[in-house]
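Let me begin by presenting the structure, written as structure tokens, before commenting on it.
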Amino acid sequence: MHKISVGWVYPNLLNLHGERGSVQVLVEIGKQLDIDVEIVRIEDFDDPIPFDSLDLLMFLPGEIITLSHIIPALQSDALHNYLEQGGYALALGTSGLMFGKSILREDGTTVSGLGYLDMTAKERKFVFGDDYHIRINESGMELAGAQIQMADVDAANPLATVIYGMGNNNTGAEGARWNNLIYTNCTGPLFVKNPWFAEEILKGIMIKKGIQITATGNHTIAKNAFDATLTFIQNKPKK
Amino acid sequence: MRFIITLWIAKLTAFAVNLLDKKRGSNYSGKIAVKLMPNFIAKFKSIDYNKVYFISGTNGKSTTTNLLAHTLISAGKRVACNTEGANMMGGVATTLIKNSTLSGRFNKEFLVLEIDERSFPGIVKLLPGKNLALTNLQKDQVQRNGDPDFILRKFKNAIECGMTLFLNNEEPRSRSLENCADNVVYFSVLQNEKSYQTDDPYAVTLPCPKCFHPIAYDNYNLANIGQFHCTRCDYASKADADVVISNINFNENTFVSGDKVWNVPYTMPFYIYNFAMCIAIGRIIGLTDAELQKGFASFVNPAAHMDVIHFRGKEIHYLRGKQENPEALQSQLDMIAADKRQKAVYVGMYQITDFYPYYGGSFYLFDCDFESVVKSNVTHYVAFSTTVANDIASRMILAGADKDRVSVFDTNHIPTIFSELDTIEADVIYILTNTKHAPEIKEYFKQGGGVNA
């Protein structure tokens with residue numbers, strides 16, 4: 001059996017929107033692909049992240065106020081090298097803002113980001129929440145879920161195009177990507193609603209290790225859920 | 001003069017609505033008044049702001065508001081209260097309209113108001129009550145509340161230092177507001193036989209609201225409520241809260257607070273916090289323990305969330321909850337998990353159509369612990385409701401449910417949902433839905449000969 005180590009970064013601090021389900025489902029999808037997915041919890045921002053032994057970093061959504069305390073802890077050569085060398089990192093929802101250049105808070109203060117993604121964020125006065133449907137630019141893969149947008153984002157290299165929803169800032173752009181650092185606003189939990197995306201990432205990690213995985217997961221229930229979400233979106237009444 | 005005219009229009013509207021359709025619009029007259037005059041609630045005379053009690057928070061505010069109002073009334077006080085649960089500006093206005101003279105003079109002594117968290121800043125600005133009691137601040141209705149800090153900031157910015165705060169000693173987020181006011185009264189429920197710990201490798205807590213390192217719980221009384229401490233700073237549950245409830249006897253419906261044993265009609269863990277808060281407020285008001293006890297003993301929760309129905313040889317436990325709120329849902333799941341008899345579990349979560357945009361998200365399911373339900377002797381699962389059914393099934397299976405034992409009904413058609421009921425092996429059935437769909441489901445069982453226990 002092959003092995004992938006997933007670093008679940010600060011699970012108690014980045015704890016929103018049931019996205020722990022995405023971590024759980026990685027293990028289940030791994031089983032279907034004959035990959036032993038090991039979850040390594042990194043509890044606190046004082047704890048060292050063992051970049052050398054990790055294949056994927058998971059940053060789940062968190063409160064913006066918490067991000068400003070986490071960013072200084074992530075500023076390191078080790079993270080830089082990990083991402084520079086094509087290490088996989090997934091930043092969901094607000095966590096993605098940490099990897100941009102800056103976050104302008106509602107109170108007028110600015111939080112400097114890590115700068116890996118060419119983007120800036122401005123905290124919204126009102127929350128935007130809705131269902132979500134996007135198409136990933138590189139692969140054409142479609143994802144569905146929910147979007148809880150706490151900030152308007154201006155990103156130079158979007159991950160995807162919005163089919164339904166607000167996206168980064170109502171311009172049709174969704175998320176951002178640099179190397180294998182992926183930021184998306186799509187939650188749901190993301191991988192529960194879209195296990196085919198998790199499968200693609202796990203297979204990408206294995207290719208990076210020189211191994212081609214040919215098995216395919218069974219996503220019947222998730223596909224039914226996906227179709228139900230799209231039907232709901234298509235029939236939604238306007239205000 | 002503008003106020004008086006608005007008040008009369010509103011009173012006339014309230015009278016007409018009451019005459020035409022009592023069910024319609026518990027806050028209709030208030031909404032009209034606020035539309036005509038946005039600062040309407042600021043204009044009433046003779047309100048003693050020291051006797052205004054705002055009850056807010058994510059879970060438990062309706063029950064606590066009703067309990068407090070009932071207890072005050074049973075002690076002979078004259079109380080105005082938005083017991084119907086209309087907890088935004090229009091609902092507050094309606095309460096004042098109903099409890100004032102034609103000249104706008106408030107004609108009660110106490111004003112007890114359940115307040116929606118997001119509405120608190122706007123309401124307190126116009127109606128500067130001096131008392132705020134917070135049940136807890138947790139994840140809820142994220143598509144408009146975002147995250148708990150979004151709500152916490154609203155309270156931080158609106159609380160005046162001269163207010164008295166009543167805070168839950170075991171809920172880290174709301175308790176962190178203690179620095180916003182000069183007077184704080186803490187209420188607490190000690191570890192009891194229903195408290196628990198977790199070894200779930202996927203369990204999450206929250207950041208410390210003071211230093212942002214992780215919070216750890218020594219035990220949980222409810223989801224994310226229990227004796228806690230920060231893993232870094234000295235923020236922790238206080239050892240000397242002002243009101244402490246201990247020695248809960250869940251069989252005999254009693255607990256100990258102070259030097260007395262209290263008899264109460266409900267002892268589910270979330271109710272104990274409602275009683276604790278009411279004791280804390282009651283003592284500040286000057287009620288005696290005997291008066292509080294008398295009120296508690298006769299309290300009937302108009303919004304009770306559970307029925308037991310006997311139907312075609314099955315014992316059906318029908319639980320309702322706020323579906324967009326993981327902690328409230330967890331309380332219901334804990335009740336199911338605590339029953340170790342062989343059973344079937346029906347779960348129906350729905351699209352949210354209370355406001356625009358309509359919304360089908362269901363990630364609150366994944367903040368909940370379904371695993372303990374799966375381990376509690378469940379022979380069959382049914383996931384139902386249009387749009388959300390497959391997401392519910394995903395949650396059940398991810399928690400370890402055998403997918404061959406999970407039926408999925410992507411419909412709200414009740415006869416279809418319960419079409420397998422007669423063939424299900426288990427005689428004990430748990431049904432969990434949101435509150436909104438309860439009338440039609442209860443009616444289905446009633447029409448089919450079901451009898452409430």
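In this text, all values refer to a predicted model and were calculated from it rather than measured experimentally.
For A:K125, the part sitting under 4.5 Å from any heavy atom of chain B is the backbone (N, CA, C, O) and nothing else. Only the side chain of B:R232 comes within less than 4.5 Å of a heavy atom in chain A; its backbone stays farther off. Using a 4.5 Å cut-off between heavy atoms, A:E106 touches chain B through its side chain atoms alone. Contact annotation for A:L14: neither backbone nor side-chain heavy atoms come within less than 4.5 Å of a heavy atom of chain B. Of the two parts of A:F226, neither the backbone nor the side chain holds a non-hydrogen atom closer than 4.5 Å to a non-hydrogen atom of chain B. In this structure, chain B has a heavy atom under 4.5 Å from the side chain of A:H69, while its backbone stays farther away.
Counting only heavy atoms from C-beta outward, the side chains of B:V408 and A:I221 never approach each other to under 4.5 Å. Using a 4.5 Å heavy-atom cutoff, the side chains of A:E28 and B:I397 are not in contact. Using a 4.5 Å heavy-atom threshold, the side chains of A:Q24 and B:E371 count as touching. The shortest side-chain heavy-atom distance between B:D410 and A:N224 does not fall under the 4.5 Å cut-off. Side-chain contact between A:I148 and B:F363: present, with at least one pair of heavy atoms (C-beta onward) separated by less than 4.5 Å.
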Original post:
What do the steps show when you test B:F366 against A:E19 for side-chain contact (heavy atoms from CB on, under 4.5 Å), and what is the final call?
Top reply: CA-CA 7 Å; B:F366 295 85; A:E19 280 297 337; over 6 Å; no
Subject >> Stepwise side-chain contact (heavy atoms from CB on, under 4.5 Å) test for A:V25 and B:L398 >> reply: CA-CA 7 Å; A:V25 88; B:L398 194 58; 4.1 Å; yes
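The minimum heavy-atom distance linking A:G129 with B:P357 is given by the pair O-CG, 3.5 Å. When all heavy atoms of A:V192 and B:S394 are compared, the closest pair comes out as CG1-CB, 3.9 Å. Summarising the geometry of B:T387 relative to A:A228, their closest heavy-atom pair is O-CB, 3.6 Å, with the distance given to 0.1 Å. Annotation for A:W8 and B:P201: closest pair CZ3-O, 3.8 Å, computed over non-hydrogen atoms.
Below 4.5 Å, heavy atoms of chain A meet heavy atoms from B:A203, B:V204, B:T205, B:L206, B:P207, B:C211, B:F212, B:H213, B:P214, all part of residues 203-218 of chain B. Contact residues of residues 139-156 of chain B toward chain A are B:K139, B:V142, B:Q143, B:R144, B:N145, B:G146, B:D147, B:P148, B:D149, B:F150, B:R153 (heavy-atom distance under 4.5 Å).
The choice from A:L16, A:T66, A:I65 that makes the most heavy-atom pairs within less than 4.5 Å of chain B is A:I65. The choice from A:G188, A:P11, A:S22, A:A146 that makes the most heavy-atom pairs within less than 4.5 Å of chain B is A:G188. Ranked by heavy-atom pairs under 4.5 Å with chain B, the first of A:D46, A:T229, A:V27 is A:D46. Options A:F45, A:Y10, A:F128 differ in how many heavy-atom pairs under 4.5 Å they form with chain B, and the most are formed by A:F45.
More than 12 non-hydrogen atoms from other residues, nucleotides or ligands lie less than 6.0 angstrom from CD of B:E178. More than 12 heavy atoms of other residues, nucleotides or ligands sit less than 6.0 Å from atom NZ of B:K436. For B:F355, the CZ atom sits in a packed shell: over 12 heavy atoms of surrounding residues, nucleotides or ligands are nearer than 6.0 Å. Annotation for A:K236: atom NZ counts as buried by contact number, over 12 foreign heavy atoms lying within 6.0 Å.
The CG atom of B:D367 sits 6.5 Å away from atom CZ of A:R20, with the distance rounded to the nearest 0.5 Å.
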